[in-house]
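First the structure, in the form of structure tokens, and then the observations on it.
Per chain, numbering begins at 1; letters A, B, ... match sequence-line order.
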Amino acid sequence: MKVRLGYVAIALNLGKVTSSSTVTYSRYLKMNDNERLEKLKEVTYSNLQALEEILKYNINHNIHFYRLTSHLIPLATHPEVMWNYKQYFKKDFEHIGKIIKSSNMRFDCHPDQFNVINSTKESVVKSTLINLNTAVDIFELLDCKDGKMVMHIGGSQGGKEESIKRFIDNFRSFPLRIQERLILENDDKIFTAKDVLRICNEIKIPMVLDIHHHHCKSDNENIGDLIVDIFNTWDSEKLPPKVHFSTPKEFENDRKHADYINPNDFIKFIGLVKSKVDKDFDVMIEAKKKDQALFKLIEDLKMINKGIKFIDDTTFEL
DNA sequence: ACCTGTCAAGTCTGG
DNA sequence: CCAGACTTGACAGGT
């Protein structure tokens, strides 16, 4: 059984390099027409350069998967701006797309929490649709066919059952290009792993298990009973199942992420999975120290050993 | 150089 | 019905 490790969005080892620079709308309003377009292009260019640098860093460190920032293109979906970034950066996207493809890197994104598929407000669902379409546009510009969007179910207005029904109805009303790229994750407040599994089975899309969220909100469900079915939601996918792992900051079930990963908890979890299912899978490390936390975990795992055998920088077998 | 408040976007709670 | 919490990084403006 092979397990690969990855991290989220920001490479701290690269210092100030960021692919999430922004132009805020209030800042934008203070500029004249020329300055506006110049600024948007300048920031976008710098974000794309940074993304390329981060991807090369990932490749150099044998990191096989990565989550793209949701701030790559400033104001791309703002209703009063909606500028045509595609027209200016087609070549740059193509170039970066080739880097991703040549390294065979798994490449996902996680639209921000104000995207709510099951919102009771039509305006929110509408802007969510715009944002998700833009995320798909970016995948397509990168020619990234396997890129997925990780989302939560959303709010619970009118009760959980009603909210689930709203989610499924709205999901089915979305264009296929979005449906095909959506994958769903259990959250830390409302929808448990079992809830999300049920939804994923009904609409036939893969589920990402977030084990930290599960500890925050589980309704006493036992993850060992669910893990086989969760992994099975990936059966018709090219990519292996994906799991998010983080260590709580202050106390057990603290929703905030700690700087680093507790290696013993990590080993315990991996052991639990192994006892239930024999499938390769990917673990996304979500920690404040990002890539540094990933590398520290790897060092810790090598030290503790416990039958974990690394077969490349970020992949181990057990 | 360092610190602080603000930023397009949602949801939920509690007054 | 409204204010504040939740929560994250970037950035502008102040010291």
Exercise. Between N115(A) (CG) and dT8(C) (C1'), how many Å, whole number?
Worked result: 15 Å
Exercise. Once you round it to whole Å, what is the distance between C1' of dC12(B) and NZ of K189(A)?
Worked result: 8 Å
Exercise. What do you reckon, are the aromatic ring centroids of Y28(A) and H78(A) less than 6.0 Å apart?
Worked result: no
Output one line per pair: protein atom, nucleotide atom from nucleotides 6-8 of chain B, and distance, for all N/O pairs under 3.5 Å.
{"unit_1": "dA8(B)", "atom_1": "OP1", "unit_2": "Y25(A)", "atom_2": "N", "d": "2.4"}
{"unit_1": "dA8(B)", "atom_1": "OP1", "unit_2": "S26(A)", "atom_2": "N", "d": "2.8"}
{"unit_1": "dA8(B)", "atom_1": "N1", "unit_2": "H78(A)", "atom_2": "N", "d": "3.1"}

Problem set entry | Same-atom distance (C1') from dA1(B) to dT8(C), integer angstrom | 23 Å
For this session: For K256(A), answer base if it contacts any base atom (sugar-phosphate contacts may also be present), sugar-phosphate if it contacts only those atoms, and nothing otherwise; contact means non-hydrogen atoms under 4.0 Å.
Result: sugar-phosphate
For this session: Choose from dA10(C), dT7(C), dG9(C) the nucleotide whose nearest atom is closest to any side-chain atom of R255(A).
Result: dT7(C)
Exercise. How far does the P atom of dG10(B) sit from the matching atom of dA10(C), given to the nearest Å?
Worked result: 22 Å
Exercise. Rounding to the closest angstrom, what is the interatomic distance between dT7(C) and dC2(B) at atom P?
Worked result: 28 Å
Exercise. When the distance from NE2 of H152(A) to P of dT7(C) is rounded to whole Å, what number comes out?
Worked result: 12 Å
For this session: Write down the distance between CD1 (I54(A)) and P (dG9(C)), rounded to a whole number of angstrom.
Result: 13 Å
Exercise. Should the ring pair H110(A) and H152(A) be called parallel, tilted or perpendicular, given that the plane angle runs from 0 to 90° and is split at 30 and 60?
Worked result: tilted
Exercise. Across the strands shown, which category fits E80(A) at heavy-atom distances under 4.0 angstrom: base, sugar-phosphate, nothing?
Worked result: nothing
Problem set entry | Quiz item: cation-pi between K279(A) and F231(A), 6.0 Å / 45° | no
Exercise. Does the side chain of T128(A) get closer than 4.0 angstrom to OP1 or OP2 of dA9(B) through an N or O atom?
Worked result: no
For this session: Would you indicate, yes or no, if dC6(C) has its OP1 or OP2 atom less than 4.0 angstrom from a side-chain nitrogen or oxygen of Q113(A)?
Result: no
Exercise. Are OP1 or OP2 of dC12(B) and a side-chain N or O of S156(A) less than 4.0 angstrom apart?
Worked result: yes
Problem set entry | Expected output: side-chain Y85(A) to main-chain T44(A) donor-acceptor under 3.5 Å | no
Exercise. With a cut-off of 6.0 Å (strictly less than), are more than 12 heavy atoms of other residues, nucleotides or ligands near NZ of K160(A)?
Worked result: yes
Problem set entry | Nucleotide-level pairing of DNA chain B, given in dot-bracket where Watson-Crick and G-U pairs need both distances under 3.5 Å and | marks other strands | |||||||..||||||
For this session: Between dA12(C) and dA8(B), how far apart are the P atoms? Round to whole Å, please.
Result: 13 Å
For this session: Can you tell me the distance, in whole Å, between the CG atom of D188(A) and the P atom of dG10(B)?
Result: 19 Å
For this session: With K296(A) as the cation and Y260(A) as the aromatic partner, state whether NZ or CZ is under 6.0 Å from the six-membered ring centre and within 45° of the axis.
Result: yes
Seminar exercise, completed: Exactly one of K148(A), K242(A), R106(A) clears salt bridge (charged side-chain N to carboxylate O under 4.0 Å, His left out) with D282(A), and that residue is R106(A)
Exercise. Is K121(A) near enough to dT11(B) that one of its side-chain N or O atoms lies under 4.0 angstrom from OP1 or OP2?
Worked result: yes
Problem set entry | Nucleotide nearest T22(A) when distance is taken to its side chain, options dA10(C), dT11(B), dC6(C) | dA10(C)
For this session: Specify the separation, in whole Å, of atom CG of L72(A) and atom P of dA10(C).
Result: 13 Å
For this session: May I ask you to decide if the ring planes of F269(A) and F281(A) are parallel, tilted or perpendicular, using 30° and 60° as cut-offs?
Result: perpendicular
For this session: Please confirm whether the backbone N or O of V125(A) pairs with a side-chain atom of S119(A), one donor and one acceptor, at under 3.5 Å?
Result: no
